[in-house]
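The structure appears below as structure tokens.
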Amino acid sequence: MKTLHSFLMILLSVSLFSIPVQGQKKGNTIQPNIIIFYVDDLGWQDTEINNLDEPSPWETPNISKLAKEALNFTNGYSPAPTCAPSRCSLLTGLHPTKTGVTHVAGGKLPQALGRSSYITPFFPEGINPERFTIAEALKINGYKTGHVGKWHVGSLKHQKSTNQGFDFAHESRGAHQGPKHPGNRLTKFATHKKNDAYRLSDEKYPPFTKESPEGISYPYDDVTENALKFINESKSEPFFLYLAHWLVHAPIHTKNRELLQYYCDKLGIEFPKENIPIKTGGQTNPFYGSMVTTLDWSLGRVVDLLKKTDDPRNPGKKLYETTYIFFSSDNGGVEKAHGDIVTDNFPLDEGKKYAQEGGVRVPLLISGPNIPKGKTYDGLVNQLDFFPTILSLTNSKIPAKYSSDLDGLNISGVLHNNDEDIKNNKGEVREDLWWHFPHNQDRQMQSAIRRGDYKLYKNHVKGNYELYRLYKNGERADLEEKHDIAKSAPEIVKDLSTRLETYLKDYNAKYPYKDLSRVKDASEKAKATTIPTIVSDSFNKKSKKYTVKLEAGKSKVIEAYALVCYQNLNAKKKKNGKPRKIKGQYESLPVESSKDKLEFTLTVPNEATQYGIILIDENRFMVKSEFHETN
């Protein structure tokens with residue numbers, strides 16, 4: 001855990017070990033404000049800014065207005081196809097394979113899911129507290145830092161946002177809070193009653209209808225209101241706001257009856273009479289449309305405050321003129337949830353939890369001082385670029401050991417100088433982006449690389465590659481990823497696969513492993529007879545060493561580590577007045593091995609409540625020791 005002493009040492013070391021970053025031109029705002037407006041599960045086709053083919057029916061006037069005052073990155077990508085890894089990467093500037101967080105709900109014992117015969121690799125529940133976050137970076141450079149909304153990068157005490165560089169935190173769901181049983185999404189709409197926690201606003205906002213020509217009311221939203229509160233209370237200092245919305249994640253519902261009625265009318269469907277899943281295809285779910293427009297309303301409230309509020313640090317200017325806004329989503333749109341057909345990412349293939357374009361290509365806008373208005377940039381950009389770019393925009397300096405480890409690139413040249421290419425510190429032009437997602441069902445266990453017009457996938461279960469040409473000389477070709485051209489383009493497959501394999505090796509990527517109990521293939525069953533067999537395990541109370549011994553003559557162990565839990569697995573906590581069993585969070589620890597790789601030893605930490613050892617053999621079979629409690 002980062003201690004107060006270590007944090008002070010960082011402060012002292014900045015001037016000694018930091019590297020300079022490109023700042024703004026002379027005469028521009030010094031230490032501009034930074035807002036990252038981060039949406040949950042918003043698809044590339046869910047707004048009006050990237051419409052291809054049939055326009056999206058969801059109305060997003062504030063996002064569209066921001067796009068007219070921003071640079072729109074049409075090839076903007078999230079670091080991962082799911083929430084937690086993207087958020088960890090955005091905050092640390094490190095690729096998911098480097099943070100170790102490659103999926104959501106980590107910290108659990110590895111196991112095969114569904115019908116898969118593969119075990120997904122272990123990954124931690126959240127951010128390693130030793131990681132250096134963008135909030136810490138800006139804080140040591142004089143910024144007031146605030147987080148509002150969804151955290152989801154660790155629930156342990158040392159992983160809390162206020163222990164990761166944020167001065168202010170408010171993390172309730174706000175109006176996104178779903179109705180509790182026996183209520184449902186048709187019985188819990190907000191009202192104008194004074195005692196309603198989600199009381200409808202007196203102010204009116206779009207959309208405008210015949211029934212409401214001056215606009216409609218919106219439910220009170222804690223997330224939006226606390227974002228506005230932070231801005232108002234922090235404006236006398238340079239501030240950084242990480243506004244991570246719970247919208248538009250499931251549950252798919254709205255507290256705004258009038259908005260739901262508006263979308264039912266627009267889609268030409270009856271207002272729902274019973275709470276049953278929406279099964280119509282495409283973008284026809286009025287609940288989801290209401291969520292997207294509510295999100296847009298929230299953005300509008302933030303931008304409106306910036307536009308009408310004077311900047312006390314820059315007389316004569318409004319906060320909007322001195323603030324950079326980064327608008328994006330943590331992954332692509334979720335097409336199905338809890339029985340609902342939520343949205344359709346077409347023409348992009350698949351959606352959340354997939355490495356395909358629909359899972360990782362996201363809306364991405366950046367506005368602020370000296371940024372071209374209403375322009376688009378078609379080069380490859382990743383949210384990993386936010387960290388180094390924000391350092392540049394704010395003239396911030398951090399210790400070299402952190403800046404040299406960042407995986408994104410500074411794109412301020414694109415923002416301010418109309419640069420066509422994005423270059424690293426060596427002057428080398430960015431050529432590709434890559435992803436690693438070894439989780440869920442067999443067909444989802446993939447790594448991918450995008451370079452130019454092409455995108456290549458490595459299927460970890462089948463062991464083959466797929467290649468798609470998304471564009472041809474920059475023009476749309478197979479954006480739907482329907483035509484695998486791997487066999488007809490072997491040279492491109494070789495080039496991209498070599499690049500991808502190099503990334504995977506350099507980043508020590510973890511892969512799916514075979515589950516002995518689920519092996520079906522005859523050749524694999526033959527290999528299974530040679531997997532390592534544990535002949536004994538023992539614990540020395542005096543030395544606190546736990547040792548596992550293997551039978552000789554079996555396949556070689558190529559990877560070994562321990563998993564340790566520090567929580568009482570039988571303990572219970574209360575939620576909503578009811579006791580719930582605490583889910584144990586496991587952490588990975590290294591083990592010592594004998595020269596012949598037949599003996600593996602863990603020194604069990606005093607605080608541990610449970611421990612065990614995981615072994616991976618040369619045929620990718622996973623072997624687990626027994627997991628012992630320390631009673």
Side-chain angles (χ1 to χ4, degrees), residues 34-78 148-150 174-176 205-208 215-216 218 221 223-224 227-228 231 241-249 254 256 259 262-263 266 283 285-286 288-307 320 323-334 342-345 348 358 361-368 371-377 381 383 386 415:
I34 302 290
I35 296 176
I36 297 178
F37 195 104
Y38 209 43
V39 191
D40 201 347
D41 290 358
L42 184 70
W44 192 66
Q45 287 287 82
D46 280 337
T47 75
E48 298 171 307
I49 63 173
N50 294 315
N51 272 331
L52 293 180
D53 303 332
E54 292 186 18
S56 170
W58 315 139
E59 297 180 16
T60 53
N62 293 299
I63 296 173
S64 296
K65 189 183 298 183
L66 181 66
K68 291 179 181 179
E69 300 173 343
L71 197 56
N72 180 7
F73 294 85
T74 59
N75 283 280
Y77 289 92
S78 61
V148 175
K150 186 172 182 177
H176 181 267
Y205 303 92
F208 306 105
I216 67 174
Y218 279 75
D221 177 45
V223 175
T224 305
L228 302 179
I231 292 171
L241 172 62
Y242 173 47
L243 200 175
H245 247 288
W246 293 90
L247 291 167
V248 290
H249 193 285
T254 178
N256 194 331
L259 187 55
Y262 174 80
Y263 273 114
K266 181 174 183 177
Q283 292 178 305
N285 190 323
Y288 185 68
S290 301
M291 294 176 76
V292 173
T293 297
T294 300
L295 171 81
D296 181 82
W297 164 84
S298 179
L299 174 68
R301 294 283 310 284
V302 172
V303 172
D304 285 347
L305 175 65
L306 296 174
K307 286 186 173 181
Y320 186 72
T323 301
Y324 288 98
I325 300 174
F326 291 69
F327 175 89
S328 197
S329 174
D330 61 351
N331 47 250
V334 56
V342 178
T343 191
D344 191 339
N345 295 310
L348 305 187
R361 192 187 288 210
V362 292
L364 203 167
L365 302 172
I366 303 178
S367 70
I371 290 180
K373 298 180 184 297
K375 303 292 184 179
T376 59
Y377 179 77
V381 174
Q383 291 163 6
F386 287 8
L415 298 176

message: Could you walk me through whether Glu59 and Tyr262 satisfy the side chain to side chain donor-acceptor pair (under 3.5 Å) test, starting with their C-alpha distance in whole Å, then the side-chain angles of each, then the deciding distance to 0.1 Å, before giving a yes or no?
response: CA-CA 11 Å; Glu59 297 180 16; Tyr262 174 80; 2.4 Å; yes

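- For the pair Gly289 and Trp58, the tightest heavy-atom approach, listed with the atom from each and the gap, is CA-CE3, 3.2 Å.
- Summarising the geometry of Thr323 relative to Ile34, their closest heavy-atom pair is CG2-N, 4.5 Å, with the distance given to 0.1 Å.
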task: Tell me, with the steps shown, if Asn51 and Ser56 meet side-chain contact (heavy atoms from CB on, under 4.5 Å).
output: CA-CA 6 Å; Asn51 272 331; Ser56 170; 3.5 Å; yes

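- Separation of the His245 and Tyr38 ring centroids does not fall under the 6.0 Å cut-off.
- Separating the CH2 atom in Trp297 from the CG atom in Leu247 is a distance of 9.5 Å, to the nearest 0.5 Å.
- More than 12 heavy atoms of other shown residues, nucleotides or ligands fall within 6.0 angstrom of atom NZ in Lys307.
- Residues Val303 and Leu299 meet the side-chain proximity criterion, which asks for heavy atoms closer than 4.5 Å.
- Counting only heavy atoms from C-beta outward, the side chains of Pro363 and Leu42 approach each other to under 4.5 Å.
- Put simply, OG1 on Thr60 and CG on Asp46 are 9.5 Å apart, with the number rounded to the nearest 0.5 Å.
- With sequence neighbours excluded, the residues satisfying side chain to side chain contact (heavy atoms under 4.5 Å, CB included) with Asn285 are Ile252, Ile278, Phe287, Tyr288, Asp340.
- Asn72 places no side-chain N or O within 3.5 Å of a backbone atom of Thr376 that could act as its donor or acceptor partner.
- Contact check for Ile231 versus Leu305: side-chain heavy atoms found under the 4.5 Å cut-off.
- Side-chain polar atoms of Ser298 and Thr224 form a donor-acceptor pair below 3.5 angstrom.
- When every heavy atom of Tyr218 is checked against every heavy atom of Pro207, the shortest pair comes out as OH-CD, 3.7 Å.
- Counting only distance, with no hydrogens or angles, the side chain of Asp40 and the backbone of His249 share no donor-acceptor pair below 3.5 Å.
- Using a 4.5 Å heavy-atom threshold, the side chains of Asn75 and Val381 count as separate.
- Atom CD of Gln283 and atom OH of Tyr263 lie 10.5 Å apart (nearest 0.5 Å).
- Atoms CG and CG, on Leu415 and Leu71 in that order, are 6.5 Å from each other to the nearest 0.5 Å.
- What you find for Pro206 and Ile216 is that their closest heavy atoms are O-CG1, 4.3 Å.
- If you take CZ on Phe37 and CG on Leu365, they are separated by 11.5 Å, rounding to the nearest 0.5 Å.
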task: Show the numbers, then the answer: is there a side-chain contact (heavy atoms from CB on, under 4.5 Å) between Leu348 and Arg361?
output: CA-CA 8 Å; Leu348 305 187; Arg361 192 187 288 210; 4.0 Å; yes

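- In this structure, the side chain of Asn256 engages the main chain of Leu259 through a donor-acceptor pair within 3.5 Å.
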- request: Determine, step by step, whether Tyr377 and Thr74 satisfy the side-chain contact (heavy atoms from CB on, under 4.5 Å) criterion, reporting the C-alpha distance in whole Å, the side-chain angles of both residues, the deciding distance to 0.1 Å, and the verdict.
  value: CA-CA 6 Å; Tyr377 179 77; Thr74 59; over 6 Å; no

message: Walk me through whether Val148 and Tyr242 qualify under side-chain contact (heavy atoms from CB on, under 4.5 Å).
response: CA-CA 6 Å; Val148 175; Tyr242 173 47; over 6 Å; no

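- Residues Thr343 and Gln45 are not in side-chain contact: their nearest non-hydrogen atoms beyond the backbone lie 4.5 Å or more apart.
- By the 4.5 Å heavy-atom criterion applied to side chains, Tyr320 and Glu69 are counted as neighbours.
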task: Let me see the working for Ser328 and Gln383 under side chain to side chain donor-acceptor pair (under 3.5 Å), right down to the final yes or no.
output: CA-CA 8 Å; Ser328 197; Gln383 291 163 6; 2.8 Å; yes

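- Between Ser329 and Trp44 the shortest side-chain heavy-atom distance does not fall below 4.5 Å.
- Here the shortest heavy-atom pairing between Ser64 and Ile49 reads CA-CG2, 4.2 Å.
- Atoms CG and OG, from Leu66 and Ser367 in turn, are 4.5 Å apart once rounded to the nearest 0.5 Å.
- Contact annotation: the side chain of Phe327 never approaches that of Ile35 to less than 4.5 Å [non-hydrogen atoms, C-beta and beyond].
- Shortest non-hydrogen contact noted between Leu243 and Ala227 is CD1-CB, 3.5 Å.
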